[in-house]
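Notes follow once the structure below has been shown.
Quick caveat: nothing in here was measured; it's all calculated off a predicted structure. Hydrogens, waters and symmetry mates play no part in the numbers below; they use all other heavy atoms, side chains included.
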Amino acid sequence: MSTGHAWLAFKSKSPLLGVIEVIKVIDSIKQLAGIGDKGAMRIIEHFGSEQLAIDAMNDFQIGDIIKLPISQQARVDIIRDIHRRKYGYSHSTILKTAEAKEYYTKIMSIFRQYASTDYARYAISVFCPVKDQKEVLRRQKIVEDSLELIDSLPIASIKKIKDAIKTIESDLGSSGIRGNQVCIGTEDEEIYARLKKTVPSSVIVQFIQTESDVARLSEYDSPRYLDSEDSKFAMYADQIERLEYLPKDTSIERACPEIVLDFVVKNKGRIKAAVQVDEILCERSIFTKDIADAIRSLAKRSEMLTENGIDPKTDEKFRSLHDAIRNLNDRSLKELADIHSQIKDVVANTSMAGDELYAALSSGEPKIPERVLQETINIIKKHETELAKEFGMAENDFAGLFTRDGISPKVSAEKKDILFTRWRDEMNTIRYRLERTIAEDIDNPIGLCEQMFSALLELDVTLTIGSFTKMLGLKKPRLHEKNGYLISGGRNIFLVKEHGAENVQPVDYGLDAACRASVVTGANSGGKTTLLEMVAQAHIMASMGLYIGATDAELPLLDILYVFGKNRGGTSAGAFETLLRSFAEIDISDGRRKMVLADEIEAVTEPGAAAKIVAAIIRHLLKDKDSLVTVVTHLGKEIDKEIDEGIRIDGIEAKGLDEDFNIIVDRNPKLGYIATSTPELIIRRLAKKTGGELYDAICESMR
C-alpha cells in the first residue's frame, strides 16, 4: 500500500476536458488568461507553491480550480484557457455586442440547470463559441455520445443517478473517526513529520526525546511505538503494558490504520452512491469490472465502520467487551435490586426454632441465621454468573462484583474499576488489530475513491449535456462553408424552457448567397424578436459545438456575430449617435464571415428618416460579400421603397384578433411579404364589427 496522500495522484480521463495525459501548457501562473499579480499570488498561496499550482493547471485538475479563491468568472476563464491550450484551437471573440453576449449567458444559464454538481457546472463552461471547425465537430461527438446514454436510460433511472451524484459534493461524511485515544510515538523526525501530516486529527503523535516521553504513552487508550534506526528508547517502550510495538519497517498505514478508516468513514455516503449508480447503469457502467468489484468490496468494508471506529458487530469478542463496558453500570444496579428483593423473600419465609431464637437473643447482638447468610451468598453468586453469561465473559471475571455487609449487598466500585480497566485494555487491543486488518484488506481506498469520484463527476458532465439536449429537443446542425443558412422547425429555446416545446410553434427561416439580407415585418407580439433570438441562438450554439433548437439546420460557422437589441435609450441624439458608431465599427473588408441581427433600430431616430437610415445601413453591410443581415422593423412599407435587389422583406402575418383583441398569428415568416401591423388589424376589426366612416377612412389611408 502506498503511503500518505501520494494516493491522490489520479488524473481523470474526460472526453470533454481532455485530461488523458499530463500535457505541459504553462510554466508560469501569470500565463493564464486574465491572471495578474494579485490573482497569481492567491492561486500560489492556495496550492502552497507556484510549482504545485502549475502542476495542477497542467494536469487540468478542475476540482481544484473551482475552489480557487478568485472570482467565479476568473475560474471559468482559467478552465477555458487551459482547455484551449490543450486542444490547440483558436479561441476568438465571436460575440461582438452586449446583446450577443447576453444570449450566450442565457443559454449557459439554462445549460447549467441540468447539472447536479458544481464540477459539471464549471466543466461545461468549455462550451464557449469558437470558430475552429475541428473543435466544434469534436464537441458535437461528445453531445452525440451523451445523448445516446440519456436515450438508453429511463427517466426515473436518470433521476436516481443524478440524486446519487449530488452526494459527491453535498455528502462530505462525518468529521472522522472519534473513538479511543490513540497516540503514536516515534524517535524519527522524518516519520514524525509524515505522521503529523497524514494522521486524522483524533490521533496524537508524540515525538520521543526522553524516557519520560515514552512513559507518557501509557496514558492513552491505544499507545503505539514506531521503532526507527538508532532508537534510544525502544527498550522502555517494549516494557509498557498494552503498548503496540511496531518494527521500523512498519508502514504509516499499518502503524495508523485510522488514516484509511477515517477516509472511508468520511466517504461512506459517496461510496454507497457509486454502488447505486453502477447498479442502475448495469452494462453501461462507467467503471471497469475490477473497479466496480473493488467499490462493492469497499462499500461492504465501510459498513463495518462507524464514526467511533469499528462497529461492535464486526467481532463477537469486541461486541461483548463493548456491551459490557456500556451496560455494566445499569445492569449491575438492576441485578442488585433483584438480589435485595430475593433476600427479602428469603428472610420473610424464614422461621426460627425456640433454641435458635434463644441463642440469638442471649448473644447480646442480633445474629443472622446461618442458612440466611448462605442463601444470600448463593443469590449473589447466581446473579454474578448470569451477568457473566449475558456479557459472554468468564464467571470468575464477575466474582466479587457484589459485596455484602451481613445480608445487605452492594456493587463494588473497586471491582467495577478493575473490570472496566481490563476490558478497555483488551477492547483497545482488539480494536487496533481489527482496524489494521480491515485497513490492509482495503487496497488503496483513497486512490480507488479518487477514480470513483472522478468518474461520477464526469458522468454528471455527460448527463448534463445529454439532459440539456434531450429535454429541449435539440438536434445536430450540419455545418457547411456556404454563405447562408437554413433552419427548419426552429424553436426559441428560451421559450421552450419556459413553456415546453409543444407550446412553441416551429418556424423555418434562412438566407442564401442570392439573398444575404432580410427585413422582418409584422404585428406587435407576432414573434419577430423571437425569430431573431432563435436565429442568434442557433448560430451561437452551433459555434459552441452544441445541438440547436431545430429539427434540421445547415449553418456556417461564423467569425463574428453582432446583435443589436431594441433600443431602451429613447430617441436622443446620443442614442442615435451610439447606434451609428456601432455599425460604423463593423469592418466590411476584413474577409471574416459575419452576421448582423438588429431589432427595431429605427426607434432611435425620427420615423421620417428611419427607413432611409435602416436601408442605407443594410446596403452598406452587404458590400461585404461575407455578411448576413436580418433586421426586424415596423417600417416594412417604408423600407421597401428604399431597398435594392437582393434584400428580402419577410412578414410574420397576423390572421386577426380574437374577441378580446388578442392577436392570432402564424409565426412562420412569409418570405417576400410585408405583414400587416397590429394597429391596422385593430382598425379593420372595428370597421367590420361596428362600422363607421372614421374606421373606413383610416383603412383606406393605410392601403
Requested in this report: State whether the number of non-hydrogen atoms from other residues, nucleotides or ligands found under 6.0 Å of Met304 atom CE is greater than 12.
Outcome: yes
Query raised in the report: Are Arg326 and Asp323 close enough for a salt bridge, meaning some N to O gap below 4.0 Å?
Result: yes
Query raised in the report: Quick one: CD1 on Ile165 to CG on Leu463, what's the gap to the nearest 0.5 Å?
Result: 5.0 Å
Query raised in the report: Side chains of Thr167 and Lys272: do they bring a donor and an acceptor to under 3.5 Å?
Result: no
Report summary line: For Tyr89, the side-chain hydrogen bond (donor to acceptor under 3.5 Å, both in side chains) test, sequence neighbours excluded, returns His83, Arg139
Query raised in the report: Mind checking what makes side-chain hydrogen bond (donor to acceptor under 3.5 Å, both in side chains) contact with Asp37, not counting sequence neighbours?
Result: Lys30
Query raised in the report: So, Asp311 versus Thr306: side-chain donor-acceptor pair below 3.5 Å or not?
Result: no
Query raised in the report: Quick one: do Lys266 and Asp262 make a salt bridge, cutoff under 4.0 Å?
Result: yes
Query raised in the report: Looking only at side chains, do Glu187 and Ser228 share a donor and an acceptor under 3.5 Å apart?
Result: no
**Report entry** Within 6.0 angstrom of Glu144 CD, more than 12 heavy atoms from elsewhere
**Finding:** yes
Query raised in the report: Any cation-pi pair here, Arg121 with Tyr119, using under 6.0 Å and within 45°?
Result: no
Query raised in the report: Salt bridge between Lys334 and Asp330, side-chain N to carboxylate O under 4.0 Å?
Result: no
**Report entry** SB check Asp221 Arg242 (cutoff 4.0 Å)
**Finding:** no
Query raised in the report: With respect to Tyr114, which candidate in Thr464, Ile465, Ile124 satisfies the side-chain contact (heavy atoms from CB on, under 4.5 Å) definition?
Result: Thr464
Report task. Identify whether the distance between the nearest side-chain nitrogen and carboxylate oxygen of Glu135 and Arg138 falls below 4.0 Å. Result -> yes
Query raised in the report: Which pair of non-hydrogen atoms, one from Phe287 and one from Ala455, has the smallest distance, and what is that distance?
Result: CE2-CB, 3.7 Å
Query - side-chain hydrogen bond (donor to acceptor under 3.5 Å, both in side chains) involving Gln31 - partner list, sequence neighbours excluded - result: Asp27
Query raised in the report: Salt-bridged, Arg331 to Glu335, with N to O below 4.0 Å?
Result: yes
Requested in this report: Look at atom CD of Glu219 and say whether more than 12 heavy atoms of other residues, nucleotides or ligands are closer to it than 6.0 Å.
Outcome: yes
**Report entry** Least distance between heavy atoms, Cys256 atom then Ile184 atom
**Finding:** CB-CD1, 3.5 Å
Query - Selection residues 412-421 - residue pairs positive for side chain to side chain donor-acceptor pair (under 3.5 Å), sequence neighbours left out - result: Asn329-Lys416
Query raised in the report: If you count the non-hydrogen atoms of other residues, nucleotides and ligands that lie under 6.0 Å from CD in Glu148, is the total more than 12?
Result: no
Query raised in the report: Is Arg224 close enough and on-axis enough to Tyr245, meaning under 6.0 Å and within 45°, for cation-pi?
Result: no
Report task. Could you tell me how the ring of Trp423 sits relative to the ring of Phe398: parallel (under 30°), tilted (30 to 60°) or perpendicular (over 60°)? Result -> tilted
Query raised in the report: Taking the six-membered ring of Tyr122, is NZ or CZ of Arg75 closer than 6.0 Å to its centre and within 45° of its axis?
Result: no
Query - From OG (Ser125) to CD1 (Ile79), nearest 0.5 Å - result: 4.5 Å
Query raised in the report: Looking just at side-chain N and O atoms, do Thr117 and Asp460 make a donor-acceptor pair shorter than 3.5 Å?
Result: yes
**Report entry** side-chain contact (heavy atoms from CB on, under 4.5 Å) against Gln73, all qualifying residues, sequence neighbours excluded
**Finding:** Ser71, Val76, Asp77, Arg80
Would you give me the side-chain donor-acceptor pairs under 3.5 Å for residues 149-159, sequence neighbours excluded?
residue	atom	partner	partner atom	Å
Asp151	OD1	Lys470	NZ	2.9
Ser152	OG	Leu149	O	2.6
Ser152	OG	Arg284	NE	3.1
Lys159	NZ	Asp163	OD2	3.0

Query raised in the report: Should the pair Arg436-Glu253 be classified as a salt bridge under the 4.0 Å nitrogen-to-oxygen rule?
Result: no
